[in-house]
Amino acid sequence: MPLTLTVDRTRWQTHLRGLLEDVPGLVPVAKGNGYGFGLRMLATETARLGLRTLAVGVAQEVAAVRAGGFAGDVVVLNPWRPFDDAATALLDDSRIITTVSRAEDLRAVAASHAHARVIVEIETSMHRHGLRPDELSERDLADLTFEGWAVHLPASGSLEEAKRLASAALAVKRAPVWVSHLSVSDYRALRTALGVRTHMRIGTRLWLGEKRAYTTTATVLDLHRVRSGERLGYHQVKAPRDGWIVVVSGGTAHGVAMAAPTPQRSLRQRGVTVAQGVLDALGRSLSPFAIGGRKRAFAEPPHMHSSMVFVAGADAGVRIGDEVPVTARMTTVTADEVRMV
Ligand SMILES: *Cc1c(COP(=O)(O)O)cnc(C)c1O
């Protein structure tokens, strides 16, 4: 029995279309676990929205978005490196736009794959990838099909920084500007200020921006009455009180267990406790599974496909087959099944 993601299709698609209207040049990002929906589903949705460009994280994700029926241009966001064979293989694909973030890589691509479609990433205050525009001259870009400059800002990027970096880049060559992580209003201001074609790559705000549009649920697979002190689970820990072991779908394979919504500090404390084998952490290790209106403690660390949670008292409050809510972090949780309603 599955861990299920239920999507309210109307609500979700209304939100997607709304953001699309607010953000001219929006490029959806479909990467990783597909923000909980899966890459194929996001690709299908992008095609349905009538968009011609989609971004993925790495070259290995391209096949999944093609399988989802997206036939347009795909931007690979992670910059090309000479040792990345999968990314190199895509340089010949006329529907792939490769990000390049070092001057030497740009020269290598130009030498081996003249006419490859490339975006050049500028170094921002993120200091992750990127080069300074003054490392390049227009000549470095001449052989390639230059698709523009990328400016990837920190989580709440500043308009001032975006403007400064984009202007420096445009001084080298006028071309489209692709930004990430600006607010909608800052993006629109930037677009007006620069006077070139712009795009904003958006994942989270697009796919996960309407929280009422999706819920994750687990299924109750089994119920066992236990007495206080009775041993249970792989680790044969003791039940903290009289109560119930409720076995629910969703475990480490789904990424649910790691998503326990507690502050970093207490997570660290708990990590230490579990490592010491002191599993009287029971009752404190909050699971993401809610039974009877509140989150319950893990009875022991989650298994691959299911978890054992503890409900104290005479009544478990659920029956086998019931669905219970899961507080899922969508970028780490992958459901077995997506149900569109
Ligand atoms: C992942 C990524 C995005 C999308 O990020 P969200 O926060 O999910 O919108 C945009 N740009 C780049 C370069 C990325 O790697």
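FYI, the numbering just counts along the sequence from 1. Whatever order the structure lists ligands and atoms in, that order sets their numbers, starting from 1. Just so it is clear, the values below take in all heavy atoms, side chains as well, and ignore hydrogens, waters and symmetry mates.
- Under 4.0 angstrom from ligand 1, the non-hydrogen atoms of L77 all belong to its side chain.
- The pair R212-D8 does not count as a salt bridge, with every side-chain nitrogen at least 4.0 angstrom from each carboxylate oxygen.
- Closest heavy-atom approach to atom 5 (O) of ligand 1 among the candidates R201, H129, H181, M126: H181.
- Each of T99, V118, L106, T88 was compared with W80 under the side chain to side chain contact (heavy atoms under 4.5 Å, CB included) criterion, and only T88 meets it.
- D105 approaches P82 most closely through the heavy-atom pair OD1-CD, 3.5 Å.
- Contacts between M200 and ligand 1 below 4.0 angstrom, taking non-hydrogen atoms only, are absent altogether.
- Taking every non-hydrogen atom of R128 and a distance limit under 4.0 Å, the qualifying atoms of ligand 1 come out as 15 (O).
- Of the protein's heavy atoms, S180 OG, 2.7 Å lies nearest to atom 11 (N) of ligand 1.
- The neighbour count for R225 CZ, taken as heavy atoms of other residues, nucleotides or ligands under 6.0 Å away, is above 12.
- Assignment of Y35 to the shell around ligand 1 is supported, since a heavy atom sits closer than 4.0 Å.
- Closest to atom 3 (C) of ligand 1, if we only count protein heavy atoms, is K31 NZ, 3.8 Å.
- No salt bridge links K163 with E160; every basic N to acidic carboxylate O contact stays at or beyond 4.0 Å.
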Exercise for review: Check the pair D73 / I96 against side-chain contact (heavy atoms from CB on, under 4.5 Å), numbers first and verdict last.
Suggested key: CA-CA 6 Å; D73 289 342; I96 296 290; over 6 Å; no
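- Between the side chains of S180 and R201, at least one donor N or O lies within less than 3.5 Å of an accepting N or O.
- Considering backbone and side-chain N/O of T204, one or more are found under 3.5 Å from N/O of ligand 1.
- For atom 9 (O) of ligand 1, the closest non-hydrogen atom on the protein side is G203 N, 2.8 Å.
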